[in-house]
Amino acid sequence: MKNVVTVDPQSPDPQAIKRAAKILRDGGLVAFPTETVYGLGAHALDPQAVRKIFAAKERPEWDPLIVHVCDMNMVIPLMKRVSPQFELIVSRFWPGPLTVVVEKAPLVPDEVTARRPTVALRMPWHPVAAALLNATALPIAAPSANRFGRPSPTRAEHVVEDLGDRVDLILDAGSTPMGVESTVLDLTQFPPVILRPGAVSREELEAILGEVPLATTVANESVPGGWDGPGMTVKHYAPRATVEVCASDEELRVRADDLRSQGKQVGFLTVTDDIVRLAHTLFSQFRSLDAQGVDVILCVLPEPQGLGLAVRDRLLRAAGKGGRNE
Ligand code: TXA
Ligand code: MG
């Protein structure tokens, strides 16, 4: 594709970065890798550019975006105030896969925050994302670069599949290192609340902050379908196939036989004990099982520890059992 440029994930070609930065400054859309998933970026302070993100993703306008930054000078004007807690958290976790929700400054357009008084902020460490932010010298609003409701993209091919020529340029740096999205931590509540479990574990946060509760939509894994406030819907991260979660290997085997006897094509998520590996491949496994045309994807849920909490959350969302929407 003519809008895909391959770059080295560690030291991206400055010319490619310059080209991408110009597109962003001019109000266009650039998909770029972060350490979690690929993002679909636009100039965060340009409402018209931000609207293009919603159009390309077919994302409902009530779902707010994360604003990406590369240094403190860039982030401070976006916030109403800088709290000691914010300083503590970012000194430990930035750059990295942690998004914080804080009260916004008037500078941040309503289009970015879906008219909320708060803004979600994140400083990624991926060298391509960092280089792009540096070259653009502007905050970049970027949701995951998938079509709304589809699994997040962990490879440039996934972005092409979902968004194709709706994006002006795709920086292809291969597969993203972590594979699940950033942890979203709400700093407007005390103690802070995890709105979305992600690549920074609850245990890592609690080592610094003491007990960090999960939002009820995350904690209550059996919530029935339907709306649960702005930004929340149940079914998400979903492949086209139906996802079913099983409590044990034994239950999975029985269910697989049962489905096959009904003439269904069954696919399995490879769930190993290596949770880092599973997180890394989760969304691409969804996509490749879809490409194989399976009817049902079966998996055993990992334990809710470390990265397991995020993986478990994504699996339950995909299965339509509880969740936040993106
Ligand atoms: O890893 C990631 O976070 C990736 C990369 C590209 O940075 N981005 C990502 O963005 O996953 P997205 O839009 O797919 O998910 C952002 C989540 C959504 O659930 C959204 O509702 C929530 O963050 N969010 C954004 N702004 C918020 C706010 N002001 N208050 C509460 N939640 C917010
Ligand atoms: Mg998303």
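Heavy atoms only: backbone and side chains are in, while hydrogens, waters and symmetry mates are out.
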Taking the side chain as C-beta and beyond, is there a heavy-atom pair between Val218 and Arg196 under 4.5 Å?
no

Between Ser201 and Glu204, does any side-chain donor sit less than 3.5 Å from a side-chain acceptor?
yes

Side chain to side chain, Val300 and Val245, heavy atoms closer than 4.5 Å:
no

First locate atom CZ of Phe286, then atom CG of Leu269, and finally report the distance between them rounded to the nearest 0.5 Å.
5.5 Å

Should Arg122 and Pro97 count as side-chain neighbours, where that means a heavy-atom distance under 4.5 Å?
yes

For a quick check under 3.5 Å, do Arg287 and Thr154 share a side-chain donor-acceptor pair by atom type?
no

Salt bridge (charged side-chain N to carboxylate O under 4.0 Å, His left out) partner of Glu161, chosen from Arg166, Arg150, Arg155
Arg150

Distance only, no hydrogens: is a donor on one side chain within 3.5 Å (strictly under) of an acceptor on the other, for Thr36 and Glu181?
no

Any donor and acceptor pair, going by atom type alone, linking the side chain of Asp26 with main-chain N or O of Gly28 inside 3.5 Å?
no

What pairs of residues pass the side chain to side chain donor-acceptor pair (under 3.5 Å) test when at least one of them lies in residues 39-51, not counting sequence neighbours?
Arg51-Glu111

Contact check, side chains of Leu78 and Leu45, non-hydrogen atoms, under 4.5 Å:
yes

Between Phe268 and Leu252, does the side chain to side chain contact (heavy atoms under 4.5 Å, CB included) criterion hold? Intermediate values first, please.
CA-CA 9 Å; Phe268 300 93; Leu252 180 136; 3.5 Å; yes

Return the NE2 to OG1 distance between His68 and Thr136, rounded to the nearest 0.5 Å.
12.5 Å

Begin from the C-alpha positions of Leu205 and Thr183 and carry the test side chain to side chain contact (heavy atoms under 4.5 Å, CB included) through to its verdict.
CA-CA 10 Å; Leu205 290 170; Thr183 302; 4.1 Å; yes

Inspect the surroundings of CZ in Arg19 and state if more than 12 heavy atoms from other residues, nucleotides or ligands are less than 6.0 Å away.
no

Lys/Arg N to Asp/Glu carboxylate O, Arg116 vs Glu103, below 4.0 Å
no

Let me see the working for Arg253 and Asp257 under salt bridge (Lys or Arg N to Asp or Glu O under 4.0 Å), right down to the final yes or no.
CA-CA 6 Å; Arg253 268 191 296 275; Asp257 288 345; over 6 Å; no

Say whether Thr188 and Thr118, considering side chains only, have a donor N or O and an acceptor N or O under 3.5 Å apart.
no

Min side-chain heavy-atom separation Val5-Ile170 under 4.5 Å:
no

Are any non-hydrogen side-chain atoms of Asp295 and Thr242 less than 4.5 angstrom apart?
no

Side-chain ion pair, Glu251 and Arg255, N-O less than 4.0 Å
no

If you count heavy atoms of other groups shown closer than 6.0 angstrom to CD of Glu61, is the number above 12?
no

Residues Ser152 and Arg314: side-chain donor-acceptor under 3.5 angstrom
no

Could you tell me if the ring centre of Trp94 sits under 6.0 Å from that of Phe86?
yes

